[in-house]
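These notes concern the structure reproduced below.
Quick note: residue numbers are just sequence positions, from 1. All values below were derived from every heavy atom in this structure, side-chain atoms included, with hydrogens, water molecules and symmetry-related copies excluded.
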Amino acid sequence: MPMEKRLKFETTSFLLHIMAMICMLCDHMWAVSLVHHEIFTCIGRLAFPIYAFMIVEGYFHTGNLKRYAARLLLFAIISEIPFNFVVGGRLFFPVHQNVLWSFLISIGLIHWNEKTKEKAVWKRILVGLITLCLAYIVGNITFIDYYHGGIFMVLTFYFFRGKKWWHYIVQLLCMWFINCEMLGGYGYEIDLFGGTLFLARQGIAIFALIPIWLYRGRQGYHSKPLQYIYYIFYPLHLLILGMIQIL
């Protein structure tokens with residue numbers, strides 16, 4: 001392999017997972033005990049887009065889609081009570097569901113679209129439009145994490161999956177619209193060149209595109225135990241943080 005190829009920096013699936021886990025931990029630590037240190041939740045904004053991207057990659061690289069979806073379902077159920085304690089401070093908190101439900105719904109919508117790939121173009125476009133409508137409706141009525149915006153982020157990486165220049169532009173525009181317009185809300189006013197610029201805190205999620213774009217399809221370090229650590233980390237860290245909050 002040429003030297004320039006070896007020295008070229010790129011992210012791997014392993015690195016993306018580790019980055020997302022660290023960012024998510026920072027965000028949840030902020031929510032539980034570090035509310036006066038907003039840098040933690042700012043770092044946390046990077047987690048969801050990376051996970052959204054990896055969910056799409058997982059769909060296309062899994063050897064068994066049913067088993068992949070079943071694992072998501074299992075850990076979504078396991079994570080619900082720890083998530084309820086962290087977010088709502090109680091055993092049952094029906095107005096906010098954990099993020100794995102967001103990913104599970106997204107997988108279902110992606111699979112439905114994939115089944116229409118051999119259909120006429122107009123049918124594929126119609127299915128795509130219906131998918132967006134379903135994402136909006138289901139994302140809101142189920143109270144999943146990030147609501148419809150979360151599913152839209154996953155679908156962004158699905159519909160515009162690729163390494164062409166226009167894929168990057170559309171991903172950037174979609175991420176800006178979803179995070180700054182749809183999910184905007186709270187933010188910061190920054191004095192810049194004599195004017196005031198408003199930066200939505202959720203808009204920091206756009207910077208997750210940097211490590212995502214550096215991904216070239218390489219898995220990096222991988223093992224069967226590590227694969228389950230990725231899943232177990234979510235309910236386990238929520239359980240620990242929930243216990244800290246109760247105590």
Measure centre to centre between the rings of Y146 and F48, then say whether the value is under 6.0 Å.
-> yes
Carefully, step by step, assess W101 and L73 under the rule side-chain contact (heavy atoms from CB on, under 4.5 Å).
-> CA-CA 7 Å; W101 297 110; L73 175 60; 3.6 Å; yes
Do Q202 and C180 come close enough that some side-chain heavy atom pair is under 4.5 Å?
-> no
Look at the side-chain heavy atoms of Ile, Leu, Val, Met, Phe, Trp and Tyr, link any pair under 4.5 Å apart, and say whether F157 and W166 land in one connected group.
-> yes
Hey, quick one: are F143 and L238 part of the same hydrophobic cluster, counting side-chain heavy atoms closer than 4.5 Å, chains of contacts allowed?
-> no
Take the angle between the ring planes of H148 and F152 and call it parallel below 30°, perpendicular above 60°, tilted in between.
-> perpendicular
H28 and F40: CA distance, side-chain angles, deciding distance, side-chain contact (heavy atoms from CB on, under 4.5 Å) verdict | CA-CA 8 Å; H28 292 164; F40 285 92; over 6 Å; no
Do N98 and S79 meet the criterion of a side-chain donor-acceptor pair at a distance under 3.5 Å?
-> no
Can you tell me how far the CZ atom of F207 sits from the CG atom of L209, to the nearest 0.5 Å?
-> 10.0 Å
Any donor-acceptor N or O pair under 3.5 Å, side chains T131, N113 | yes
Do the non-hydrogen side-chain atoms of L15 and E10 ever get within less than 4.5 Å of each other?
-> no
Can you measure from NZ (K163) to CZ (R216) and round to the nearest 0.5 angstrom?
-> 5.0 Å
Under the 3.5 angstrom rule, does the side chain of S102 hit a backbone N or O of G150 as a donor-acceptor pair?
-> no
Taking the side chain as C-beta and beyond, is there a heavy-atom pair between F14 and Q219 under 4.5 Å?
-> no
Inter-residue atom distance T142.OG1 - L104.CG, 0.5 Å rounding = 11.0 Å
Are F160 and V121 connected in the hydrophobic side-chain network, where two residues link if heavy atoms are under 4.5 Å apart?
-> no
Do the two ring centres, one from H96 and one from F83, sit under 6.0 Å apart?
-> yes
Is there side-chain contact between S13 and E57, with at least one heavy-atom pair below 4.5 Å?
-> no
Does any non-hydrogen side-chain atom of W213 lie less than 4.5 Å from one of Q171?
-> yes
Please examine the side chains of Y234 and M21, heavy atoms only from C-beta on, and report whether any two atoms are closer than 4.5 Å.
-> no
Going by heavy atoms in the side chains, are R161 and H167 under 4.5 Å from each other?
-> no
Would you say S223's side chain and L226's backbone share a donor-acceptor pair under 3.5 angstrom?
-> yes
What do the steps show when you test L126 against W122 for side-chain contact (heavy atoms from CB on, under 4.5 Å), and what is the final call?
-> CA-CA 6 Å; L126 179 61; W122 71 269; 4.2 Å; yes
When you measure from the side chain of R124 to the backbone N and O of A120, does any donor-acceptor pair fall under 3.5 Å?
-> no
Do Y51 and Y147 share a hydrophobic cluster (ILVMFWY, side-chain heavy atoms under 4.5 Å, transitive)?
-> no
Can you find a side-chain donor-acceptor pair between E114 and Y158 that sits under 3.5 Å?
-> yes
To the nearest 0.5 Å, what is the distance between CD1 (I43) and NE2 (H37)?
-> 12.5 Å
Taking the six-membered ring of F85 (Phe, Tyr or Trp), confirm whether the NZ or CZ of R90 is under 6.0 Å from its centre and within 45° of its axis.
-> no
More than 12 foreign heavy atoms under 6.0 Å from OH of Y168: is that the case here?
-> yes
Same hydrophobic cluster for I39 and V32, using side-chain heavy-atom links shorter than 4.5 Å among ILVMFWY?
-> yes
Looking at CD1 of I110 and CD1 of I107, how far apart are the two atoms once the value is rounded to the nearest 0.5 Å?
-> 5.0 Å
Close side-chain approach of I141 to Y136, heavy-atom, < 4.5 Å = no
Within the distance-only criterion (no hydrogens, no angle test), does the side chain of T11 pair as donor or acceptor with the backbone N or O of P211 below 3.5 angstrom?
-> yes
Output the distance between atom CZ (F103) and atom CD1 (I144), rounded to the nearest 0.5 Å.
-> 9.5 Å
Heavy atoms of other groups near I81 CD1, more than 12 under 6.0 Å | no
